[in-house]
Amino acid sequence: MIYLLIGIMFACTGAGYLLRRMRLLRRINALILPTVCAQLFVMGISVGSNGQIVKNLPTLGTQALILAVAGTLGSLVAAWCISRFFFGNKK
């Protein structure tokens with residue numbers, strides 16, 4: 001199943017790249033933000049109506065905070081390493 005989803009993602013990326021000059025696709029870009037906001041709203045309603053998720057929210061929130069901090073720190077370290085080793089001081 002995961003391979004199917006990844007395949008669809010790559011196929012859509014390729015189609016978007018090939019059709020990027022079409023006027024219709026440029027107009028669709030204006031619909032992306034409202035669509036994402038609507039999806040987040042519906043997902044929030046779904047999560048809020050699930051009693052088990054709401055009951056475990058402190059535990060889930062702590063785990064999410066740890067993952068967010070670790071991901072941010074990892075990205076900063078990687079960016080520093082790339083900057084230092086690939087774009088070092090040029091005197």
Side-chain angles (χ1 to χ4, degrees):
M1 182 67 175
I2 189 75
Y3 295 118
L4 176 64
L5 293 175
I6 292 172
I8 291 171
M9 182 181 69
F10 280 122
C12 291
T13 301
Y17 180 77
L18 294 174
L19 301 174
R20 68 187 181 276
R21 293 190 180 9
M22 289 182 62
R23 287 186 184 190
L24 176 64
L25 290 181
R26 290 183 188 165
R27 291 182 187 159
I28 289 176
N29 282 336
L31 298 175
I32 291 175
L33 180 62
T35 302
V36 170
C37 289
Q39 289 175 335
L40 288 172
F41 178 75
V42 171
M43 189 172 71
I45 290 174
S46 170
V47 169
S49 66
N50 188 333
Q52 189 172 4
I53 291 177
V54 173
K55 184 174 74 175
N56 293 322
L57 203 53
T59 304
L60 295 172
T62 303
Q63 291 174 355
L65 179 64
I66 291 169
L67 287 172
V69 169
T72 302
L73 289 176
S75 295
L76 288 173
V77 169
W80 179 80
C81 289
I82 289 171
S83 174
R84 173 128 168 107
F85 296 117
F86 292 106
F87 305 107
N89 293 336
K90 296 181 180 178
K91 290 183 178 182

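Being a predicted model, the structure only gives us computed values, none of them experimental.
Around the CZ atom of R23, the shell of radius 6.0 Å holds no more than 12 heavy atoms that belong to other residues, nucleotides or ligands.
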Going by atom type alone, with no hydrogens or angles, which donor-acceptor pairs under 3.5 Å involve a side-chain atom of residues 50-63 and a protein atom two or more places apart or on another chain?
residue	atom	partner	partner atom	Å
N50	OD1	Q52	N	3.1
N56	ND2	Q52	O	3.2
T62	OG1	P58	O	2.9

Using atom types as modelled, flag every donor-acceptor pair under 3.5 Å from a side chain in residues 68-75 to any protein atom, sequence neighbours excluded.
residue	atom	partner	partner atom	Å
T72	OG1	A68	O	2.9
S75	OG	G71	O	3.0

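Distance check: T35 OG1 to L40 CG gives 11.0 Å after rounding to the nearest 0.5 Å. Taking SG from C37 and CD1 from I32, the interatomic distance works out to 12.0 Å, rounded to the nearest 0.5 Å.
Cluster annotation: I2 and F10 are assigned to the same hydrophobic cluster (Ile/Leu/Val/Met/Phe/Trp/Tyr, side-chain heavy-atom contacts under 4.5 Å, transitive). Following chains of ILVMFWY side-chain contacts shorter than 4.5 Å, one can reach I28 starting from L19, so the two form part of one hydrophobic cluster.
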